[in-house]
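Remember, predicted model here, so these are calculated numbers, not experimental data. Each chain gets a letter, A, B and so on, in the order its sequence line appears, and its residues count up from 1. Values below: all heavy atoms of this structure, side chains included; hydrogens, waters and symmetry mates excluded.
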Amino acid sequence: MDLSATSLKPAIADRRLLVIDGHSLAFRAYFALPVENFTTSAGMATNAVWGFASMLSRVILDEHPTHIAVAFDVKGGTFRNELLPQYKGTRDAAPEDLLTQLPVIQRLLDALGVTYIEKPGFEGDDVIATLATMGEQAGFDTLVLSGDRDAFQLIDDKITVLYPGHHFKDLKHMTPQAVEDKYKVPPQRYPDLAALRGETADNIPGVPGVGDGFAAKWINQFGSLDGIIEHADEIGGKKGEALRENIEQVKLNRRVNALVRDLDLNAQVGDLVLAEPDLSAVDKLFAELEFGPRTKQRLLKAFPGGESSRITTEEPESECAIEDPTIDDIDTDGFEGWAARHIVEVLPAGEVHVDSLDDPSRTVNAFWTIHVEGTILHGESTPWSLSVLAPDRHAVVLSPAQAREQSAVISRLLASHAGTCAMHGYKEQIHLLAALGIEAAHPWFDTQLAGYLVESDYHPDSLDAAVSHFLDVQVESRKDQPSQGELLLDGDQAQGDAGEIDEVLAARRVACVSALVCKLVPMMSQRRQYELMHTVEIPVSEILAAMELRGAAVDQSRLVDMRDRFAAEAREAQEQAWDAANKRINLQSPKQLQTVLFDDMQLRGTRKTKSGGYTTDASALQEMAIRNVNNERASMFLVSLLRFRETNKLKQIVQSLLDEVNGNDGRIHTTFEQTVAATGRLSSVAPNLQNIPNRNVAGREIRGAFVPGEGYVSLMSCDYSQVELRIMAHCSGDESLIEAFRSGADFHRYVASLVYGIPVDDITADQRSHVKAMSYGLAYGLSTYGLAQQLKISPAEADVLKDKYFATFGKVHEYLETLVSEAREKGYTETMFGRRRYFPGLRSTNRRVRDAAERGALNAPIQGTAADIMKLAMIKADGALREAGVRSRIILQIHDELVLEVAGGEAERVTDLVSRAMETAVHLDVPLDVSTGIGDDWQLAAH
DNA sequence: TACATCGGGGT
DNA sequence: TTACCCCGATGTAT
């Protein structure tokens with residue numbers, strides 16, 4: 001079936017009212033934009049007008065209202081001042097050049113045909129409250145754009161407040177759930193909470209010592225402010241006393257912050273329709289304000305008759321709109337029957353056939369989508385709902401209990417129709433499905449992996465973010481967490497209102513995934529990324545999911561000992577540093593360090609940080625220590641500081657590991673991020689197990705705390721040596737470098753002998769290390785300056801080394817230049833396996849940006865190919881282990897190293913299987929060298 | 001409370 | 001003034 005026929009209409013409500021707090025928006029615009037940049041030649045300030053206009057167009061484009069109104073405050077007091085004379089008393093009077101802009105903004109609104117409303121004796125907020133209420137009664141979805149939190153009391157299913165965040169252009173969608181999450185009370189109780197807490201901005205005192213937390217606690221305990229007042233005597237402690245003392249104030253606050261929702265405004269909501277602007281009036285005003293044509297175009301674009309309005313009112317340019325599916329009730333039907341009719345009988349069975357997937361002319365419109373919502377916690381993930389969307393846009397939403405009941409059916413469906421199955425985030429889905437007793441199978445399409453493969457520099461952190469990025473629409477599709485009693489329950493319990501709402505959202509989520517598939521399929525084909533997705537990323541997802549679930553066992557008592565020891569040593573170093581400084585400063589504050597080093601001690605700084613001060617990083621401290629060996633206090637301080645930094649860091653690392661130990665199994669379950677690193681590498685979070693110290697003895701000790709778990713006898717570590725250099729040798733075809741690897745000699749020593757033209761045996765340690773640094777620097781685009789810095793030699797000497805190196809390995813030089821020039825031509829780089837990364841920065845006119853892009857373009861194919869090879873090796877090794885039927889298993893990947901937990905009696909066999917898998921992951925013109933080690937812990941497994 | 005900056009751990 | 005990451009602490013703005 002053809003999706004394009006059925007899924008074109010955007011899911012935008014027919015009638016959507018946007019109500020704007022005019023004063024609050026003008027204020028924010030005024031303070032966000034520097035007035036110097038927005039002044040007419042006659043000296044009139046225009047920053048607030050400009051900011052207001054640009055925000056207005058932005059919100060209209062983002063939110064697609066059909067109706068719109070702006071509310072303003074009126075000069076003179078309101079009924080609130082009579083109740084509470086000091087109300088808003090601390091607010092500074094608005095600056096003169098803001099006040100003069102308010103009438104201009106109103107003129108602009110007139111020209112645009114936007115109604116604005118003021119009501120003497122009342123605030124804009126009351127007008128807003130009234131409009132929102134009228135809108136709700138007339139069946140509108142209403143958005144309230146306001147920076148005043150009093151507006152939160154209006155929020156319900158139909159009314160959402162857009163609340164500006166840190167930057168005023170980031171608007172938070174405050175839904176009932178968002179308010180509940182943030183304040184732990186429902187929106188209608190928010191004013192109770194505000195009355196207790198007070199509002200400094202409005203000069204309203206609350207109960208001293210009572211903040212949001214206590215206010216929410218009481219509200220939840222007694223139901224509401226009235227309940228609290230009734231039971232005020234029962235509340236003990238200082239806070240209870242404070243409450244009783246201020247109870248009249250609180251009551252007054254509550255009367256003041258209640259918005260009036262039934263003003264007589266002399267207007268009908270239906271009349272607020274977004275209309276075509278009066279172009280000549282806009283032109284005239286813009287000429288006065290000296291706004292350019294681009295500002296005008298941008299503003300008008302948002303209004304009917306403007307350039308892009310056709311797209312939003314008719315069909316969107318992409319055929320991938322999100323439409324709420326028809327939700328089928330399976331109580332009367334049974335899931336299996338539903339799946340048979342909507343999926344099994346419609347779609348072909350079988351696995352994915354990889355052959356023709358990368359054909360750019362290919363289109364796919366016959367697939368089904370499965371999506372489990374929930375939170376992931378390795379070992380005890382919590383699914384909230386499972387949704388299945390069929391190609392005919394019919395969907396079923398199951399509660400966790402229902403899904404468990406159907407687990408066998410769903411597992412079978414996933415297995416039999418994997419070849420037409422789409423998901424978002426296979427790895428996460430594996431965990432959530434497993435928690436429901438369902439076994440996942442390699443899907444045909446993963447929208448998260450696909451998004452990563454087509455645009456690896458962009459990392460959405462949620463499905464919604466991916467949707468708004470790739471489909472350029474905002475949808476409300478996610479509550480952060482179902483609140484209590486709102487989880488989808490089973491049959492008899494489930495049919496409350498809350499359950500109904502969740503179903504719609506869950507169905508919308510799966511529709512989002514489906515829309516992403518629609519958008520990404522042509523991009524994947526065009527960029528030829530299917531093969532990578534199927535042969536690399538999807539199988540890797542499965543392996544990573546298993547690794548995450550296994551976790552890594554640690555010896556907790558050893559960690560605790562280490563932490564205490566590092567902590568003691570850090571304290572000692574701190575005392576010494578304090579003595580030397582004659583001050584008990586915070587050694588973790590660069591700012592305080594700067595005063596001691598550069599003011600008190602008058603030391604000469606080295607490099608500057610980007611905020612202007614001298615850096616206090618380790619290399620600078622070392623340099624200063626050398627310069628000041630004769631200054632006893634200074635060197636004492638510097639040395640102690642360095643020792644503090646080192647030991648304190650180690651303490652923190654150990655502590656962070658302890659914090660992450662799972663209480664159930666005593667193991668650490670990291671999460672491997674598969675779509676974060678733009679080059680194709682994995683990353684590891686919570687905790688990061690890819691940066692456990694390894695460079696010096698003290699740090700390496702931490703690796704000793706990683707041990708084989710119950711049922712296992714040792715850990716094995718296998719790593720590639722010099723993969724990136726081998727890739728350079730292979731890709732450049734440089735005979736000398738290839739020979740260097742084939743010879744099997746000490747690589748760096750061998751290379752040094754070629755570079756310096758002296759026999760291998762005569763190479764000094766210095767020469768070897770210089771050449772080694774040069775070799776590694778190549779893949780990073782290291783400058784001569786950087787090389788000099790690192791080797792502590794002069795830039796001139798570094799230059800000589802570089803020239804000699806490239807004279808010896810000419811093809812390497814050529815290859816690196818080709819990488820950049822090809823990237824410049826095509827706009828992207830590619831690894832050996834076709835993984836792409838785009839580099840728009842190569843065309844930048846800013847030299848720094850361009851240089852950075854060039855270094856990236858140099859590095860990405862090399863680092864990326866190494867990442868590809870390791871991923872292939874993991875697939876191969878995992879397959880080999882399974883086929884051999886051994887119990888030993890991979891638990892960690894650290895870019896070029898695999899760590900395995902080895903079962904008794906399997907050491908030799910596993911060493912053989914894994915090293916063979918890694919060596920033969922791909923065939924290069926140079927051998928892939930793998931070294932392995934095995935031992936009682938990770939440190940002892942080193943080699 | 002949220003964000004930017006600094007510093008430092010890994011490959 | 002070397003690529004790619006993750007994280008904690010500080011200090012500032014909100």
Would you say that A:Phe637 contacts A:Leu593 through its side chain, given a criterion of any heavy-atom pair below 4.5 Å between the two side chains?
yes
Determine: side-chain N/O of [X] to OP1/OP2 of [N], distance under 4.0 Å, yes or no.
X: A:Thr609; N: B:dC6; value: yes
X: A:Ser589; N: C:dA9; value: no
X: A:Lys591; N: C:dT12; value: yes
X: A:Thr616; N: B:dC6; value: no

Annotated protein contacts, base or backbone, on nucleotides 1-6 of chain C with a non-hydrogen cut-off under 4.0 Å, one of B, S, - each
BBBBSS
In whole angstrom, what separates [X]'s [atom1] from [N]'s [atom2]?
X: A:Asp719; N: B:dG10; atom1: CG; atom2: P; answer: 15 Å
X: A:Asn694; N: B:dG8; atom1: CG; atom2: C1'; answer: 15 Å
X: A:Lys649; N: C:dC7; atom1: NZ; atom2: P; answer: 11 Å
X: A:Asn648; N: C:dC7; atom1: CG; atom2: C1'; answer: 13 Å
X: A:Lys651; N: C:dC7; atom1: NZ; atom2: C1'; answer: 14 Å
X: A:Leu641; N: B:dG7; atom1: CG; atom2: P; answer: 11 Å
X: A:Arg645; N: B:dC6; atom1: CZ; atom2: P; answer: 13 Å
X: A:Asn586; N: C:dG11; atom1: CG; atom2: P; answer: 6 Å

Do the rings of A:Phe747 and A:Phe741 sit parallel, tilted or perpendicular, given the 30° and 60° boundaries?
parallel
Any donor-acceptor pair under 3.5 Å linking the side-chain atoms of A:Ser683 with those of A:Glu673?
no
Just grab all the salt bridge (charged side-chain N to carboxylate O under 4.0 Å, His left out) pairs involving residues 790-804 of chain A, residues at least two apart or on different chains.
none
How is A:Ile692 classified with respect to the nucleic acid when contacts are heavy atoms under 4.0 Å: base, sugar-phosphate, or nothing?
sugar-phosphate
Select base, sugar-phosphate, or nothing to describe what A:Ala788 touches, counting heavy atoms under 4.0 Å on all strands.
nothing
Quantified in whole Å, what is the P atom distance between nucleotide B:dA4 and nucleotide C:dT2?
25 Å
Other residues, nucleotides, ligands: >12 heavy atoms within 6.0 Å of A:Tyr838 OH:
yes
Give a yes or no on this: more than 12 heavy atoms of other residues, nucleotides or ligands lie within 6.0 Å of atom CZ of A:Arg607.
yes
Give a yes or no on whether the backbone of A:Pro687 and the side-chain of A:Ser684 come within a donor-acceptor separation of less than 3.5 Å.
yes
